[in-house]
Amino acid sequence: MTDWAWDYNPSAEYVTDGLPVGVVAEVERLALELAALGRDTVKVGRPVDREGGLREFDLLGGRGFISFLAVPRHECVYVCNVTWYG
């Protein structure tokens, strides 16, 4: 386990507005698991050919994805956007 945390950026209201409750719960579960990876989070998801920067990770079997930023200096994963196809 790591001491990393996760948060929404800019805010939970902005990122999750209009999403079903179950989708928000899955986003938060994934964010918690990403934070548990700690520094290795910079390698998770897309793009696969480089580390760091804004990354994407599939959500609920490809019915959407989350965009997140892993910031080692802050020891935090920031969920920046959720795209939901429904």
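Quantities reported herein were computed from a predicted structural model and do not represent experimental measurements.
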TODO: Verify the cluster assignment for F65 and V77: are they in a single hydrophobic cluster under the rule of side-chain heavy atoms below 4.5 Å apart?
DONE: no

- Do the non-hydrogen side-chain atoms of L34 and I66 ever get within less than 4.5 Å of each other? yes

Worksheet entry | Check: C76 and L69 side chains under 4.5 Å, non-hydrogen atoms | no

Using the rule that two of Ile, Leu, Val, Met, Phe, Trp, Tyr join whenever any of their side-chain heavy atoms come within less than 4.5 Å, decide whether Y14 and V82 are in one cluster.
yes

Query - V79 side chain reached by E28 side chain, heavy atoms, under 4.5 Å - result: no

In terms of heavy-atom contacts, N9 and Y78 come closest through CB-CB, 4.0 Å

Minimum side-chain heavy-atom gap L30-E26 below 4.5 Å = yes

Could you check whether any side-chain N or O of T41 sits under 3.5 Å from a backbone N or O of L37, counting only pairs where one atom can act as donor and the other as acceptor? no

What one should report as the nearest heavy-atom pair of W4 and A70 is CZ3-CB, 4.2 Å

Smallest heavy-atom separation, A5 atom then A35 atom, equals O-CB, 3.7 Å

Do L54 and Y8 belong to the same hydrophobic cluster, where Ile, Leu, Val, Met, Phe, Trp and Tyr are linked whenever their side-chain heavy atoms lie under 4.5 Å apart, directly or via other members?
no

Within 6.0 angstrom of R46 CZ, more than 12 heavy atoms from elsewhere: yes

OH of Y85 to CG of L59, rounded to nearest 0.5 Å, is 10.5 Å

Determine, step by step, whether F68 and F57 satisfy the side-chain contact (heavy atoms from CB on, under 4.5 Å) criterion, reporting the C-alpha distance in whole Å, the side-chain angles of both residues, the deciding distance to 0.1 Å, and the verdict. CA-CA 8 Å; F68 65 94; F57 195 80; 3.8 Å; yes

Minimal heavy-atom distance between W84 and R63, with the atoms involved, is CE3-O, 3.4 Å

Using a 3.5 Å distance criterion without hydrogens, assess whether the side chain of T16 forms a donor-acceptor pair with backbone atoms of L19. no

Between C80 and V15 the two heavy atoms that sit nearest each other are O-CG2, 3.7 Å

Item to complete: Side-chain contact test, heavy atoms from C-beta onward, threshold under 4.5 Å: evaluate it for E33 versus W6 and give yes or no.
Response: no

(request) Decide yes or no for S67 and R55: does some side-chain heavy atom of the first lie under 4.5 Å from some side-chain heavy atom of the second? (result) no

